[in-house]
Peer 1: 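What follows is a structure written as structure tokens; I'll ask about it next.
Atoms considered below: every heavy atom in the structure, side chains included; atoms not considered: hydrogens, waters and symmetry mates.
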Amino acid sequence: MKPSTLRRGMNFWPPYFFSGIRVTHISDDWRRVDVELRQGRMNMNYVGVHFGGSIFSMTDPFYMLMLMNILPRDYTVWDKSASIDFLKPGKGTLRTSFHITDAMIEEIKAATPNEGDVVRPVWSIFVEDAQGDTVAKIDKTLHIRRRADNRSRIGN
């Protein structure tokens, strides 16, 4: 699947569409994704700031999706766990970016030289408001396993 197709599809996916979450960019090499969360009545909590579940949701699938399209087909990638630390109330439009570097890819490959090898990197995501202040820090743990290629990819 092309990054632009996934971006458009995710923007119309009901959980994102109705929560005000918008994928604004996916690079052609899958190494960068930018996401924003616009504040509206559908994603505010009782005290008028962003609902924490919407903040978490805007960070949920991206590292997994990016790696599935970067790594060779003999890797299985899953989100294993996540934790979120709310640092200040989120108001207005919130933004975050996901980046995968050559060093991150090399660490994965070095830790999984053989079929059956598993690595569980923990990567942090920072959600910022319009002033550049960090609203939340999310730590994502991925489960990446080297295995024989027996999965199909949508659109490939």
Peer 1: Could you check if a side-chain atom of Thr59 sits within less than 4.5 angstrom of a side-chain atom of Val35, using non-hydrogen atoms only?
Peer 2: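 Counting from C-beta outward, Thr59 and Val35 never come under 4.5 Å.
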Peer 1: Between Gly20 and Asn43, which heavy-atom pair has the shortest distance, and what is it?
Peer 2: CA-ND2, 4.2 Å
Peer 1: Which pairs count as side chain to side chain donor-acceptor pair (under 3.5 Å) when at least one residue sits in residues 45-55, sequence neighbours excluded?
Peer 2: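 Not a single pair qualifies under side chain to side chain donor-acceptor pair (under 3.5 Å).
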Peer 1: Hey, could you give me the CE/CG distance between Met66 and Leu6, rounded to the nearest 0.5 Å?
Peer 2: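 Between atom CE of Met66 and atom CG of Leu6 there are 11.0 Å.
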Peer 1: My understanding is that a hydrophobic cluster links ILVMFWY residues whose side chain heavy atoms are under 4.5 Å apart, including indirect links. Using that, what else belongs to the cluster containing Met42?
Peer 2: none
Peer 1: Listed by chain and number, what are the side-chain hydrogen bond (donor to acceptor under 3.5 Å, both in side chains) partners of Arg7, not counting sequence neighbours?
Peer 2: none
Peer 1: Can you check whether Gly48's main-chain N or O pairs, donor with acceptor, with Gln39's side chain at less than 3.5 Å?
Peer 2: yes
Peer 1: Taking only residues at least two apart or on different chains, which pairs with a member in residues 40-49 satisfy salt bridge (charged side-chain N to carboxylate O under 4.0 Å, His left out)?
Peer 2: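 Salt bridge (charged side-chain N to carboxylate O under 4.0 Å, His left out) check on residues 40-49 returns no pairs.
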Peer 1: Could you pull out the closest heavy-atom pair between Phe86 and Ala136, with the gap in Å?
Peer 2: CD2-CB, 4.3 Å
Peer 1: To the nearest 0.5 angstrom, please state how far the CE atom of Met64 sits from the CH2 atom of Trp78.
Peer 2: 7.0 Å
Peer 1: Using the test salt bridge (Lys or Arg N to Asp or Glu O under 4.0 Å), find all partners of Arg8 that sit at least two apart in sequence or belong to another chain.
Peer 2: none
Peer 1: Provide the full list of ring-ring contact (aromatic ring centres under 6.0 Å, His included) pairs with a residue in residues 98-117, sequence neighbours left out, each pair given once.
Peer 2: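 Sorted result for residues 98-117: Phe62-Phe98, Tyr63-Phe98.
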Peer 1: Do Lys137 and Ile125 have side chains that approach each other closer than 4.5 Å (heavy atoms only, starting at C-beta)?
Peer 2: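 Of all side-chain heavy-atom pairs linking Ile125 with Lys137, none is under 4.5 Å.
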Peer 1: Tell me the side chain to side chain donor-acceptor pair (under 3.5 Å) pairs involving residues 10-28, sequence neighbours left out?
Peer 2: Ser27-Asp29
Peer 1: If we only count heavy atoms from C-beta on, is the Asp79 to Leu142 side-chain gap below 4.5 Å?
Peer 2: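 They are in side-chain contact.
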Peer 1: Taking salt bridge (Lys or Arg N to Asp or Glu O under 4.0 Å) as the definition, give me every residue that meets it alongside Asp85, ordered by chain and number, with sequence neighbours left out.
Peer 2: none
Peer 1: Is the shortest heavy-atom distance from the side chain of Thr93 to the side chain of Leu37 under 4.5 Å?
Peer 2: no
Peer 1: Could you state the interatomic distance from CD1 (Ile108) to CZ (Arg146), rounded to the nearest 0.5 Å?
Peer 2: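 Reported to 0.5 Å precision, the distance equals 12.0 Å.
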Peer 1: Considering only residues two or more places apart or on different chains, which pairs with a residue in residues 103-112 satisfy side chain to side chain donor-acceptor pair (under 3.5 Å)?
Peer 2: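 The answer is Tyr75-Thr112.
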Peer 1: Any non-hydrogen side-chain atom of Thr134 less than 4.5 Å from a side-chain atom of Val127?
Peer 2: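 No. Closest side-chain heavy atoms not under 4.5 Å.
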Peer 1: Could you check if a side-chain atom of Ile55 sits within less than 4.5 angstrom of a side-chain atom of Ile84, using non-hydrogen atoms only?
Peer 2: yes
Peer 1: Give, for atom CG of Leu67 and atom CD1 of Ile100, the distance between the pair rounded to the nearest 0.5 Å.
Peer 2: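 That separation rounds to 4.0 Å.
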Peer 1: Could you go step by step and tell me if Arg147 and Asp74 meet the side-chain contact (heavy atoms from CB on, under 4.5 Å) rule?
Peer 2: CA-CA 5 Å; Arg147 62 183 224 154; Asp74 60 341; 5.7 Å; no
Peer 1: Side chains of Met104 and Asp102: does their closest heavy-atom pair fall under 4.5 Å?
Peer 2: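 SC-SC contact between Met104 and Asp102 ruled out.
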Peer 1: List for me each residue that meets side-chain hydrogen bond (donor to acceptor under 3.5 Å, both in side chains) alongside Asp60, sequence neighbours excluded, and say none if there are none.
Peer 2: Lys140
Peer 1: Can you pull out every side chain to side chain donor-acceptor pair (under 3.5 Å) where at least one residue sits in residues 117-131? Sequence neighbours excluded, please.
Peer 2: Lys88-Asp129, Arg120-His143, Ser124-Asp139
Peer 1: Quick one: are Ser57 and Ile21 in side-chain contact, heavy atoms under 4.5 Å?
Peer 2: yes
Peer 1: Could you grab the distance from atom CG of Leu65 to atom CE of Met1, nearest 0.5 Å is fine?
Peer 2: 9.0 Å
Peer 1: For Arg38, which residues count as a salt bridge (Lys or Arg N to Asp or Glu O under 4.0 Å) partner, sequence neighbours excluded?
Peer 2: Glu36
Peer 1: Tell me the closest heavy-atom pair linking Gly90 and Val135, and the distance in Å.
Peer 2: CA-CG1, 3.6 Å
